[in-house]
Amino acid sequence: MEHIFPFSTFWPFYAVFSVGVGAVLFLSLRTFSARPHEVSIREATVSALGWFCFAMLFNVFLYFFTRAYLGSDEELARVMLQKSTPDELARRTALEFLSGYLVEKSLAVDNLFVFLVIFRFFSVPQQYQHRVLFYGLFGAIALRAIFIGMGAVVMDIPWVIVLFGLFLIWQGISVMRGKEPEIHPEKNRVLRLLNRFLPVSKGLDGDRFFTRENGKRLVTPLFITLIFIEITDIMFAFDSVPAIFGLTKEPLVVFTSNIFAVIDLRALYFLLAAFVSRFHYLSMGLSFVLIFIGSKMAILDPLMGEKVPTELSLVVVLGLITGSIVLSLVKPPAKQEGGAA
């Protein structure tokens, strides 16, 4: 399958994007770490809105860049524009970015609950949680790049697409039945292994990942927390990355939408952590999103002989997520209803 933005040609774009995002994250982290403190709702909201606006501006840039690039490359245009104009293909690319951003951000909401469990288990004060989450982003960007690079290769094989589609359907059914993967730090073999081979200090040393006790260099529980945050990213990437490839085959769109969504959600962590438990039907909505995208990959696209229109996919995904949130607000949990009675 031909890509508009093959990695072999556009690797400088990936590099500049990654370095640029990393630099902004590093500067924001340095500014925040100058005075560790609990993140206020206002700070979390401003940060999340800032990254959201950044993502939407990038999407506008992607639209104009795609249109101009297709218009300047006659050979690529002949291959890609069989039934489309440069404007139509650029609009589809922008919609695919928006769809991927929305899906990744929605699926990553589950991470919030796992983050809460991990922070509570290691007794990490809230003023240090921001540092762990944002240092974890650098690892998340590297891991997603590897996953997406592998996916860009295998997703050109038809039977692999069907296999991943069936996997997403199975994952969606598992979520619907309440069988999502769980992390129990006290039972985790990785933690036991780390405790055997890594000298860990008995307590925190402020916001440091490393410390010294009696002249010996040790890692702090904050560093172990960071490792568990990365493990969580790997687990959830197995769902989210194939899901976005179900909406677009462009690695550049998958990578950029994925990174923006992960960063934005972590910025929102301190705000959403207090309210996400109220959306008790959100998991049900996300399960239907996974089933829809899996069905699209394994059944609908092959039957139609072409991709389900991006506009339709976006409407379905947005409708399922919005519907589950509205239903959560309209219909409280059964326990609340019983208590009210």
Side-chain angles (χ1 to χ4, degrees), residues 48 51-52 55-56 58-59 62 91-114 140-141 143-145 147-148 151-152 155 161 164-176 180-181 232-269 272 276 279 281-301 307-326:
W51 280 107
F52 173 77
M56 294 304 101
F58 178 84
N59 199 17
L62 187 62
R91 184 168 60 87
R92 191 183 77 187
T93 301
L95 286 174
E96 287 176 350
F97 174 92
L98 184 61
S99 300
Y101 175 81
L102 177 64
V103 167
E104 169 61 32
K105 195 168 181 178
S106 302
L107 294 177
V109 167
D110 281 351
N111 289 32
L112 297 179
F113 296 103
V114 181
I141 290 173
L143 290 170
R144 298 301 172 104
F147 280 14
I148 292 167
M155 284 297 184
I161 297 175
F164 270 104
L166 295 174
F167 170 73
L168 290 178
I169 293 173
W170 176 73
Q171 283 293 91
I173 294 173
S174 297
V175 172
M176 190 182 300
E180 296 179 83
T232 303
D233 275 321
I234 293 174
M235 289 177 59
F236 283 93
F238 278 111
D239 288 346
S240 61
V241 172
I244 299 181
F245 269 112
L247 298 170
T248 177
K249 298 299 184 292
E250 286 294 334
L252 181 67
V253 175
V254 177
F255 180 68
T256 53
S257 63
N258 201 283
I259 297 307
F260 273 122
V262 170
I263 294 175
D264 193 21
L265 190 71
R266 293 204 186 194
L268 266 176
Y269 165 78
L272 292 181
V276 74
F279 304 140
Y281 284 112
L282 183 58
S283 291
M284 184 66 69
L286 295 178
S287 69
F288 281 116
V289 168
L290 288 174
I291 292 171
F292 166 72
I293 296 176
S295 300
K296 174 182 176 298
M297 296 171 70
I299 302 171
L300 299 179
D301 286 349
K307 283 181 57 179
V308 172
T310 305
E311 295 88 342
L312 178 59
S313 297
L314 180 59
V315 169
V316 172
V317 170
L318 186 60
L320 288 170
I321 295 170
T322 304
S324 63
I325 292 175
V326 171

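Here the straight-line distance linking atom CZ of Arg144 with atom CD1 of Ile259 works out to 7.0 Å at 0.5 Å rounding. Distance CG/Leu62 to CG/Leu98: 11.5 Å, rounded to 0.5 Å. Rounded to the nearest 0.5 Å, atoms CG (Asn258) and CD1 (Ile141) are 10.0 Å apart.
Taking Ser99 as the reference, Leu247, Thr310, Leu314 meet the side chain to side chain contact (heavy atoms under 4.5 Å, CB included) condition, with sequence neighbours excluded. Considering only residues two or more places apart in sequence or on other chains, Phe147 meets the side chain to side chain contact (heavy atoms under 4.5 Å, CB included) condition with Ile234, Ala237, Phe238, Val241. Among residues two or more places apart in sequence or in another chain, the side chain to side chain contact (heavy atoms under 4.5 Å, CB included) test is passed with Thr248 by Glu96, Ile244, Glu250, Val253, Val254. Under the ring pair (Phe, Tyr, Trp, His ring centres under 6.0 Å) criterion, Phe52 pairs with no residue, sequence neighbours left out. With sequence neighbours excluded, no residue satisfies side chain to side chain donor-acceptor pair (under 3.5 Å) with Asn59. Scored by the ring pair (Phe, Tyr, Trp, His ring centres under 6.0 Å) test, Phe97 finds Phe58 as partners (sequence neighbours excluded). Every side chain to side chain contact (heavy atoms under 4.5 Å, CB included) that Ile299 has, sequence neighbours left out, goes to Leu303. Not counting sequence neighbours, the partners of Arg91 by the salt bridge (Lys or Arg N to Asp or Glu O under 4.0 Å) test are Glu311. Shown here are the side chain to side chain donor-acceptor pair (under 3.5 Å) partners of Lys296, two or more places apart in sequence or in another chain: Asp301.
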>> Walk me through whether Tyr101 and Thr256 qualify under side chain to side chain contact (heavy atoms under 4.5 Å, CB included).
In response: CA-CA 8 Å; Tyr101 175 81; Thr256 53; over 6 Å; no
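The shortest heavy-atom contact between Ile148 and Phe255 is CD1-CA, 3.4 Å. A pairwise comparison of heavy atoms in Ser324 and Gly285 identifies CB-CA, 3.8 Å as the closest pair.
Within the 4.5 Å cutoff, no side-chain heavy atoms of Ile169 are placed close to those of Leu290. Side-chain contact between Leu312 and Val316 is present, with at least one heavy-atom pair separated by less than 4.5 Å.
The stretch residues 283-292 participates, sequence neighbours left out, in no salt bridge (charged side-chain N to carboxylate O under 4.0 Å, His left out) pair at all.
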